[in-house]
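Report on the following structure.
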Amino acid sequence: MKTTRSQQLFAEASRYIPGGVNSPVRACRGVGCDPLFIASGQGSHITTVDGDTLIDYVLSWGPLLLGHAHPEVTKAVTAAAAKGTSYGAPCPDEVLLAREVVEAFPGMDMVRMVNSGTEAAMSALRLARAVTGRNKVLKFIGCYHGHADSFLASAGSGVATLSIPGTPGVPEATVRDTLLAPYNDLGAVRDLFDLHGKDLAAVIVEPVAANMGLVLPEEGFLKGLRALCDSAGTLLIIDEVITGFRAEYGGAQTRFGVTPDLTVLGKIIGGGLPVGAYGGKAEYMERIAPAGDVYQAGTLSGNPLAMAAGLATLRVLKQCDYAALEKRVDAFATELETVLRARGLPVRVNRLASMFTVFFTDGPLRNFDEVKSADSALYARYFAEMRKNGIFLAPSPFETGMVSFMHSEEDFAATIKAASRCELG
Ligand code: HOZ
């Protein structure tokens with residue numbers, strides 16, 4: 001069989017880059033395939049270096065809610081680039097984007113821009129530790145908050161995809177400070193508060209878990225966390241890297257009516273360029289240097305290109321009809337589930353707003369253990385078959401499908417058709 005350009009590039013990449021990729025999940029090991037190398041993206045589609053065009057439900061793992069190369073975003077980035085790519089000094093768009101972000105989230109008075117979700121989560125935890133004078137953090141099994149030491153224990157996303165067991169390279173003391181509870185299990189959280197409440201700096205949670213596939217919070221879960229944090233003087237950090245400006249404009253915290261002490265953001269606020277941010281109440285945020293004594297810095301933070309892309313993205317999103325997109329995604333997910341079930345497969349398609357995940361199971365999906373009981377070998381076959389039929393899905397059962405405002409009814413119909421045809425036996 002002829003070697004494709006993607007295969008050639010992957011072979012060459014593997015000589016120079018560990019595993020041939022710059023982030024593990026995209027290597028597609030979780031589904032037993034080689035990665036496709038992408039030449040371009042437009043709207044809801046990507047085109048590979050071999051000239052194949054696919055409907056894209058990865059969307060760079062979430063930021064492209066406006067699809068690839070949206071004209072407003074491209075115009076803003078191009079104009080910014082013409083004026084220089086980095087100053088290492090403040091620029092006007094930083095102020096505008098900060099105001100836009102602060103106004104979108106009810107409990108947020110101030111925000112600090114960084115370069116990735118990992119950096120944002122790591123910095124938010126440092127701030128929570130400084131504010132409380134405590135060290136421990138509680139995270140949920142299967143949730144992913146980037147790759148900082150404190151968050152790698154039982155993490156979702158690539159850690160789950162590659163079944164990486166512990167966290168080699170993470171000091172034992174750091175591991176000891178990370179407490180773990182199953183997602184949606186308030187009882188387990190309560191037990192940990194009973195034992196460690198006075199040492200607990202923060203609880204960090206994905207308000208909708210999106211790094212173990214899409215798992216929804218049960219009624220009362222997020223509010224229960226808020227109440228427990230209040231009773232122990234622990235800060236609640238809501239990680240909206242995936243859900244911010246996607247679950248709705250003001251994020252999942254607005255949708256579920258829970259105000260955190262600190263919010264972690266990424267993806268969409270950079271419109272596809274590398275950005276993260278963390279924000280919250282002024283009394284906490286003013287502890288950050290140079291206003292306060294908690295050090296955190298970055299030459300590329302508030303980068304003019306990234307700020308321009310984020311600002312253009314949020315301005316367009318503000319005019320978008322989120323409810324209409326959610327209704328369309330819901331109908332699409334229902335049809336997808338029906339088509340796959342009609343083939344005799346156990347299947348559930350979880351969905352919320354413009355996110356969805358196909359799980360090959362009939363069982364409940366409340367936490368990572370239940371997610372793991374879904375048939376991941378079947379997901380791998382489904383992924384490969386769909387890709388052959390022009391549909392680009394997350395190359396792991398522990399990730400979430402993303403839809404953009406650019407996805408059309410024709411895209412959905414083509415996806416359903418591919419699902420009804422793919423060979424899964
Ligand atoms: N952590 C990303 C998904 N939640 C995957 C990033 C990548 O491999 O590109």
Side-chain angles (χ1 to χ4, degrees), residues 10 19-21 23-36 54 56-59 61-62 140-145 147 152-167 180 182-185 206 208-216 242 333 336-352 355-389 391-403 415-416 418-425:
F10 189 45
V21 288
S23 190
V25 187
R26 67 182 73 165
C28 296
R29 287 190 187 182
V31 286
C33 296
D34 280 350
L36 297 178
L54 297 94
D56 184 12
Y57 291 102
V58 177
L59 295 175
W61 304 96
F140 293 91
I141 299 164
C143 281
Y144 182 72
H145 307 287
H147 61 87
L152 281 178
S154 294
S157 188
V159 181
T161 305
L162 300 174
S163 302
I164 290 176
T167 46
L180 297 165
Y183 197 72
N184 274 322
D185 190 342
E206 288 183 78
V208 179
N211 285 287
M212 50 171 130
L214 190 74
V215 173
L216 309 189
I242 290 181
L336 190 57
E337 196 173 71
T338 307
V339 160
L340 291 168
R341 204 175 277 150
R343 311 184 56 181
L345 299 170
V347 67
R348 290 182 57 182
V349 182
N350 274 6
R351 79 290 305 251
L352 183 109
M355 301 172 280
F356 70 99
T357 298
V358 172
F359 290 101
F360 289 105
T361 180
D362 276 331
L365 292 160
R366 291 166 298 207
N367 55 48
F368 191 48
D369 264 355
E370 290 175 353
V371 160
K372 278 195 300 188
S373 71
D375 189 338
S376 52
L378 188 50
Y379 183 89
R381 286 204 295 282
Y382 169 70
F383 169 88
E385 282 290 308
M386 291 296 271
R387 196 167 88 169
K388 254 199 275 169
N389 286 294
I391 313 295
F392 190 56
L393 300 171
S396 161
F398 306 122
E399 299 284 357
T400 288
M402 305 288 172
V403 181
T415 309
I416 301 290
S420 67
R421 281 185 179 168
C422 60
E423 285 168 29
L424 297 171

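Residues P35 and A27 come closest through the heavy atom pair CD-O, 3.5 Å. The nearest pair of heavy atoms linking C28 to F383 is SG-CZ, 4.3 Å. A pairwise comparison of heavy atoms in F10 and D34 identifies CE2-OD1, 3.7 Å as the closest pair. Across all their heavy atoms, A418 and I391 have their closest contact at CB-CG1, 3.8 Å. Across A419 and C422, no two heavy atoms sit closer than the pair O-SG, 3.5 Å. When all heavy atoms are compared, the tightest approach of V349 to A333 is CG1-CB, 3.7 Å.
Within 6.0 Å of the CZ atom in R343, the count of heavy atoms belonging to other residues, nucleotides or ligands exceeds 12. The local environment of CZ in R29 is sparse, with at most 12 non-hydrogen atoms from other residues, nucleotides or ligands closer than 6.0 Å.
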- Message: Evaluate S154 against F368 for side chain to side chain contact (heavy atoms under 4.5 Å, CB included), listing each step before the verdict.
- Response: CA-CA 10 Å; S154 294; F368 191 48; over 6 Å; no
- Steps toward side chain to side chain contact (heavy atoms under 4.5 Å, CB included) verdict (I416, L336): CA-CA 6 Å; I416 301 290; L336 190 57; 4.0 Å; yes
- Message: Go through it in stages, so that I can follow the logic: the residues are R387 and L36, the test is side chain to side chain contact (heavy atoms under 4.5 Å, CB included), and I'd like the CA-CA distance, side-chain angles, deciding distance and then a yes or no.
- Response: CA-CA 10 Å; R387 196 167 88 169; L36 297 178; 3.6 Å; yes
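Two residues are said to be in side-chain contact when any heavy atoms from C-beta on lie closer than 4.5 Å; M212 and C143 meet this criterion. At least one side-chain heavy atom of E370 sits under 4.5 Å from a side-chain heavy atom of P364. When side chains are defined from C-beta on, L378 counts as touching L424, because their heavy atoms get closer than 4.5 Å. Put simply, the side chain of T400 does not reach to within 4.5 Å of the side chain of I242, judged on heavy atoms. Side-chain contact check for V58 versus L393: every heavy-atom pair is 4.5 Å or farther apart. Side-chain contact between T415 and M386 is present, with at least one heavy-atom pair separated by less than 4.5 Å. Within the 4.5 Å cutoff, no side-chain heavy atoms of I141 are placed close to those of N367. The closest side-chain heavy-atom distance from W61 to E399 is below 4.5 Å.
Scanning for side chain to side chain donor-acceptor pair (under 3.5 Å) contacts around K372 gives an empty result, with sequence neighbours left out.
A donor-acceptor contact shorter than 3.5 Å links the side chain of E206 to the backbone of Y144. Between the D375 side chain and the F360 main chain, no donor and acceptor come within less than 3.5 Å of each other. A distance-only check finds no donor-acceptor pair linking the side chain of R381 to the backbone of E423 [under 3.5 Å].
For the side-chain contact (heavy atoms from CB on, under 4.5 Å) with L216, the qualifying choice from V208, L365, N184 is V208, the only one to do so.
Between the CG atom in D185 and the OH atom in Y183 there is a gap of 12.5 Å [rounded to 0.5 Å]. In this structure, CG on L214 lies 5.0 Å from OG1 on T357, to the nearest 0.5 angstrom. Annotation: the span from M355 atom CE to L59 atom CG amounts to 12.5 Å, rounded to 0.5 Å.
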